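The structure appears right after this line, and notes come after that.
If you read the sequence from its start, that first residue is 1, and numbering goes on from there. Keep in mind it's a predicted model, so treat the numbers as computed, not measured.
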Amino acid sequence: MSKKIVIAGAGIGGLCAALALAKRKFEVLVYEQSPQLNEVGAGLQLSPNAMHVLQTLGIADEIKTKAFRPNSAVMRHYKTGKTYFTVPLGDTATQKYGAHYLHIHRADLHSILHNACKNMNVSIHLGQTIQSYQQTPQNLTVQFDNNECLFADVLIGADGIKSNIQACMLGQTPSEFTGQVAWRGMVQANKLPKGLIKSNANLWVGPNKHFVSYYLRAGNLVNFVAVQERTDWQKESWHENGDISELRSAFAGWHPEVSELLEATDECSLWALFARQPLNRWSDGNVALLGDACHPMLPFLAQGAAMAIEDSYALAHCLAACTDTKTALQTYQKTRLPRTRNIQLNARKNAALYHMSSPIEQAKLALLSGLSSIGLSNRIAANMLDPIYAYNIVKQLN
């Protein structure tokens, strides 16, 4: 008899897990606290390690029609534009890693996942918040904020950095403000001078700030993320409006590719970056965590969505491979925890490099700059990224 699996949260991680589980013939019910499935208007990067899973789930071809494939990942000096390194993507990445590297609008990926879930008869319930759970050796009871209850065989907490499921499992622990805020915005490409934004994952690094830009939707949109060190803004919502004149002022004097993009921007959002220390435990009996609920990622390796996507495949595989749920979820945790911990910590460390935070980080950048003329910095950067991009969770578990 198929297990009834309840998922808290219908974000990218929750829906990807739902799809992966439904394809393994599990009965899946998703409960989302928001009354509507409106993903935030922002871009994300799908590296090859994520695309292997999406290919296996049967949605990679549709994703490719909505996405943009960058030529390279390039890190440059905020003012002079001098290149620190270039890592080839495009066809090079596809041949090297066996899958594309893509940029996609979050709403487009979310919509594709949502439609795929509906086609697999996943039951999605909106405006319902899972508050907690209780379990005995015989029963798992899922409790909603309106005091209603539901019996389930498995509960998956994919409910984000403020996860109610994590709080119930491990106790209330506040997330930590990193002292950094992120501005997000998008601009129609036809509002910009032709060729201003290169067809790359563009990373500009400078004192106490960095700036990322890339194309979405077949090159029709330019997405940007601007991260700044400041302590006077600690709102976590992605829907808070930012002051575009304040953003322009914060990045005044930066390279024209940055300043002209911001001049063409009409509006932006602003949110504070919070983090958690890596967890030592993600599972409790018949309950487990996934994505930001157990390993929230700072956006400095562009792996937040990718890690949740990898989690989803591993979770479905483990539950299908072992009839004992508790053992399956412990295997899932054992499979995923070391990799996500490593990437979680390295993403946090990258902030210091991107923001030239100390003489040591400045020396590293100076070394990269010196080595770039002979191509060695490109090799160093590629070697750092290879363990992330070359990982294939599908092959790993089969």
Side-chain angles (χ1 to χ4, degrees), residues 1-35 37 117-118 120-175 276 279-296 308 311-312 314-337:
M1 191 166 120
S2 176
K3 291 185 175 76
K4 180 193 287 187
I5 301 180
V6 172
I7 298 176
I12 287 168
L15 291 183
C16 195
L19 179 59
L21 289 161
K23 284 183 173 288
R24 299 277 189 168
K25 308 302 182 185
F26 291 105
E27 179 188 357
V28 186
L29 297 86
V30 181
Y31 292 87
E32 166 59 42
Q33 65 178 352
S34 299
L37 284 182
C117 283
K118 288 193 295 184
M120 293 297 297
N121 297 316
V122 172
S123 180
I124 300 174
H125 305 265
L126 304 180
Q128 297 190 51
T129 302
I130 297 178
Q131 194 66 41
S132 61
Y133 66 88
Q134 290 184 339
Q135 60 183 331
T136 67
Q138 292 77 35
N139 293 305
L140 169 62
T141 306
V142 177
Q143 298 170 325
F144 294 85
D145 63 348
N146 61 1
N147 295 320
E148 291 184 1
C149 294
L150 173 72
F151 290 109
D153 296 301
V154 185
L155 171 63
I156 304 302
D159 48 347
I161 191 171
K162 296 181 178 180
S163 170
N164 289 338
I165 310 305
Q166 189 208 99
C168 187
M169 181 185 297
L170 304 173
Q172 287 281 0
T173 54
S175 54
R276 289 185 184 273
L279 299 177
N280 294 318
R281 184 162 71 96
W282 299 359
S283 66
D284 172 27
N286 296 331
V287 182
L289 305 173
L290 180 146
D292 282 355
C294 50
H295 50 66
D311 288 350
S312 300
L315 175 71
H317 173 90
C318 292
L319 284 169
C322 181
T323 56
D324 180 71
T325 299
K326 183 176 180 180
T327 301
L329 295 182
Q330 288 174 342
T331 303
Y332 157 70
Q333 173 185 294
K334 183 179 179 181
T335 301
R336 296 297 300 148
L337 197 149

Inset, instruction - List the atom of Asp311, the atom of Gly291, and the distance in Å for their closest heavy-atom pair. - result: OD2-N, 3.0 Å
Inset, instruction - Show your working on side-chain contact (heavy atoms from CB on, under 4.5 Å) between Thr141 and Tyr133 and close with a plain yes or no. - result: CA-CA 6 Å; Thr141 306; Tyr133 66 88; over 6 Å; no
Inset, instruction - Apply side chain to side chain donor-acceptor pair (under 3.5 Å) to Asn280 and list each qualifying residue two or more places apart in sequence or on a separate chain. - result: Arg341
Inset, instruction - Could you pull out all residues at least two apart from Asp159 that satisfy side chain to side chain donor-acceptor pair (under 3.5 Å)? - result: Ser163
Inset, instruction - Examine distances only and state if a side-chain atom of Gln166 and a backbone atom of Thr173 form a donor-acceptor pair shorter than 3.5 Å. - result: no
Inset, instruction - Tell me, please, which residues at least two apart from Ser283 pass side chain to side chain donor-acceptor pair (under 3.5 Å). - result: Gln333
Could you pull out all donor-acceptor pairs under 3.5 Å where a side-chain atom in residues 317-324 meets a protein atom, sequence neighbours excluded?
from   : atom 1 : to     : atom 2 : distance (Å)
His317 : NE2    : Leu397 : O      : 3.2
Asp324 : OD2    : Thr327 : N      : 2.9
Asp324 : OD2    : Thr327 : OG1    : 2.5

Legend entry - ring-ring contact (aromatic ring centres under 6.0 Å, His included) pairs, two or more places apart, involving residues 8-33: Tyr31-His125, Tyr31-Phe144
Legend entry - Residue pairs involving residues 19-33 (criterion salt bridge (Lys or Arg N to Asp or Glu O under 4.0 Å); sequence neighbours excluded): none
Legend entry - Any donor-acceptor pair under 3.5 Å from Arg276 side chain to Ile161 backbone: yes
Inset, instruction - Verify, without hydrogens or angle tests, whether Tyr332 (side chain) and Leu289 (backbone) share a donor-acceptor contact under 3.5 angstrom. - result: yes
Legend entry - side chain to side chain donor-acceptor pair (under 3.5 Å) involving Asn164 - partner list, sequence neighbours excluded: none
Inset, instruction - Please identify each residue that fulfils side chain to side chain contact (heavy atoms under 4.5 Å, CB included) with Lys118, with sequence neighbours left out. - result: His114, Asn115
Legend entry - Nearest non-hydrogen partners of Ala10 and Leu37, listed with the distance: CB-CD2, 3.7 Å
Legend entry - Value rounded to 0.5 Å, distance of CG in Leu290 from CD1 in Ile156: 7.0 Å
Legend entry - Spacing of CG belonging to Asn286 relative to CG belonging to Leu140, to within rounding of 0.5 Å: 6.0 Å
Legend entry - Over all atoms of both residues, closest heavy-atom pair of Val6 and Ala152: CG2-CB, 3.6 Å
Legend entry - Euclidean distance, Leu155 CG relative to Thr325 OG1, rounded to 0.5 Å: 12.0 Å
Legend entry - Nearest-0.5 Å distance that lies between atom CD1 in Ile165 and atom SG in Cys294: 12.5 Å
Legend entry - Partners meeting side chain to side chain contact (heavy atoms under 4.5 Å, CB included) with Ala18 (sequence neighbours left out): Ile7, Val28, Val30, Cys117, Val122
Inset, instruction - Work out which heavy atom in Ser132 is nearest to a heavy atom in Cys168; give both atom names and the distance. - result: CB-SG, 3.8 Å
Legend entry - Over all atoms of both residues, closest heavy-atom pair of Ala293 and Gly157: CB-O, 3.3 Å
Legend entry - Identified side chain to side chain contact (heavy atoms under 4.5 Å, CB included) counterpart of Trp282 within the set Met169, His295, Lys334: His295
Inset, instruction - Drop me the distance from Gln131's CD to Asp145's CG, to the nearest 0.5 angstrom. - result: 5.5 Å
Legend entry - Gap separating the CG atom of Leu150 from the NZ atom of Lys4, nearest 0.5 angstrom: 5.0 Å
Inset, instruction - Sequence neighbours left out, what passes side chain to side chain contact (heavy atoms under 4.5 Å, CB included) with Gln134? Give chain and number order. - result: Gln143
Legend entry - Side chain proximity check, Thr129 to Asn146, heavy atoms < 4.5 angstrom: no
